Amino acid sequence: MDTNCVIRNVNEHVGETVTIGAWINNKRSSGKIQFLQLRDGTGYIQGVVVKSEVSEDIWNDAKSLTQESSVYVTGIIREEPRSTSGYEMTVTGVQIIHLTENYPITPKEHGVDFLMDHRHLWLRSTKQRAVMVIRAEIIRAVQQFFDGNGFTQVDPPILTPSSAEGTTNLFHIKYFDEDAYLTQSGQLYMEAAAMALGKVYSFGPTFRAEKSKTRRHLIEFWMIEPEMAFVDHEESLRVQEKFIAHVVQSVVKNCRAELESIGRDVSKLEGITAPFPRITYDEAIEFLNGQGFDIPWGEDFGAPHETAIAEKYNTPVFITHYPAGIKAFYMKPDPNRPEVVLCADMIAPEGYGEIIGGSQRIDDPELMQQRFEEHNLSDEAYQWYLDLRKYGSVPHSGFGLGLERTVAWICGLDHVRETIAFPRMLYRLYP
């Protein structure tokens, strides 16, 4: 009796006859032999159909198969060192499920707009599948790190009544008779959760309504946002670098085949180990001005500045102690130098920009109230946030990791649009 199996597990069935449900990724013929490139979502294997070894009906069915036709293929699994997977199938039977006609994405080159319009089909390509597998491994490693280090996962709301950072870049919706917004960060709610559970993290979608078309921006993206009670800025940095090193090495260990299939230089990832180098904002300004950038103290860094700094290093680098005026209201001032805050951005190597932003949070109730007044923030909308400092305030720190930028860096992709199954970008809501 035939065994049903998936391509990922064919190594367990060498010498056995198995049946695999698959799609025809590609096909070629050398007269009396047909080579079927099969994929089933778990991997790829070549099915070899020899005319003299199968019936005429099976041979003709195999001959009729087109790109992306669906089939049940039966055959004997054997080792094949020349194959990428190390295995091959000698086909003994073909059952056609559906013959595809005029599949739109052919092996020829297609423009980006065409591919994005057909994203639902483009996902089937070798590269896009590999990226999704790597993304899934990154998510698994993220949760493994935090779950294994005493963090509790908490889910903040996606619908919020306001934004403590302003509503200009938020999507406005009607919440029955009230105004509401799609969240741009779960951080404030995670601070509340940390006061209940100590160390927490969230993982969920966030939204930014800024009209940006750069290769680093999406309208809808996923964030991992840990918050830690009784943790200062320095300890938070240590957590961040251990976290990123763990994620990268998990991908290197478990997705090497996918990384190699998309042409990623794995050696650049193998060297990502903690600790990471650190420079202050002051040192960054001095370096950039020495490189010909005309950037005054107090101005934020853009993509060219971050890339120039990152080029000095083979690992991510922290830029710490930014001016308070260009950072969020909740960041704790440096007690020794109040014009800068206890914060850091982690810049990925190879020009991928900021992947983590974090800080120690203000825990002084009076200073937080002062910041609310300076930023014209509504006490009414966020009285609960002020309560966190009113009832048992403690030193605490947190950070946020942008998942898609991290996927782009680890995969070596040119644009974040390939890092998520169905990207939402400026002027693109289909499919």
Side-chain angles (χ1 to χ4, degrees), residues 2-29 33-50 62 65-98 100 103 105-107 115 119-141 144 249-266 269 407 410-413 418-422:
D2 299 343
T3 301
N4 291 328
C5 83
V6 295
I7 293 172
R8 180 172 53 209
N9 298 335
V10 294
N11 62 307
E12 301 171 4
H13 299 282
V14 175
E16 298 178 16
T17 297
V18 302
T19 296
I20 297 174
W23 294 270
I24 303 300
N25 193 53
N26 207 342
K27 189 182 78 169
R28 62 186 178 88
S29 173
I33 303 178
Q34 296 183 64
F35 300 94
L36 309 179
Q37 308 302 323
L38 306 172
R39 67 169 189 86
D40 71 346
T42 73
Y44 300 84
I45 193 170
Q46 178 170 268
V48 181
V49 188
V50 180
L65 293 173
T66 53
Q67 184 185 354
E68 288 304 314
S69 289
S70 51
V71 290
Y72 289 113
V73 179
T74 299
I76 302 166
I77 302 299
R78 57 187 178 84
E79 293 184 0
E80 175 48 79
R82 293 172 297 178
S83 166
T84 304
S85 67
Y87 301 92
E88 202 169 68
M89 172 189 267
T90 299
V91 176
T92 58
V94 174
Q95 180 186 342
I96 298 173
I97 303 171
H98 181 261
T100 294
Y103 186 69
I105 303 178
T106 61
L115 291 172
R119 181 62 174 167
H120 51 297
L121 302 177
W122 189 26
L123 276 174
R124 303 181 185 188
S125 70
T126 304
K127 179 182 177 183
Q128 301 307 311
R129 174 198 170 272
V131 172
M132 291 301 103
V133 170
I134 293 167
R135 178 189 171 101
E137 174 60 24
I138 291 171
I139 292 169
R140 189 201 65 79
Q144 179 189 53
Q249 294 313 316
S250 292
V251 174
V252 169
K253 177 183 176 182
N254 297 316
C255 295
R256 181 175 290 271
E258 284 79 12
L259 290 168
E260 291 175 347
S261 75
I262 61 178
R264 184 60 161 125
D265 185 347
V266 181
L269 300 175
V407 175
I410 291 177
C411 290
L413 303 175
E418 294 182 52
T419 63
I420 189 169
F422 297 98

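Here, residue 1 is the first one in the sequence, and each next residue gets the next number. Since we're looking at a predicted model, the values are computed, not measured.
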Next on the checklist: For Y72, I'd like to know if atom OH has over 12 heavy atoms of other residues, nucleotides or ligands within 6.0 Å.
Outcome noted: no
Checklist entry - Do Q128 and R119 get their side chains close enough for a donor-acceptor pair, meaning under 3.5 Å? => result yes
Checklist entry - Out of curiosity, N4 CG to N9 CG, how far, rounded to the nearest 0.5 Å? => result 12.5 Å
Next on the checklist: Test your reading of the model: is there a side-chain donor-acceptor pair from R78 to the backbone of G15, 3.5 Å cut-off?
Outcome noted: no
Next on the checklist: Please determine whether side-chain contact (heavy atoms from CB on, under 4.5 Å) holds for the pair Y44 and T84, giving the CA-CA distance in whole Å, both sets of side-chain angles, and the decisive distance to 0.1 Å.
Outcome noted: CA-CA 9 Å; Y44 300 84; T84 304; over 6 Å; no
Next on the checklist: Under a plain distance cut-off of 3.5 Å, with no hydrogens placed, do T100 and T66 share a side-chain donor-acceptor pair?
Outcome noted: no
Item to check | Within-4.5 Å side-chain heavy-atom neighbours: I76 and E16 | outcome: no
Checklist entry - Are K127 and E418 within salt-bridge range, i.e. N to O under 4.0 Å? => result yes
Next on the checklist: I need the M89 CE to E80 CD distance, nearest 0.5 Å.
Outcome noted: 14.5 Å
Checklist entry - S250 versus R140: any side-chain heavy-atom pair under 4.5 Å? => result yes
Checklist entry - Do you see a donor-acceptor pair shorter than 3.5 Å between the side chains of T419 and R135? => result no
Checklist entry - Hey, does L65 have a side-chain heavy atom less than 4.5 Å from the side chain of Q34? => result no
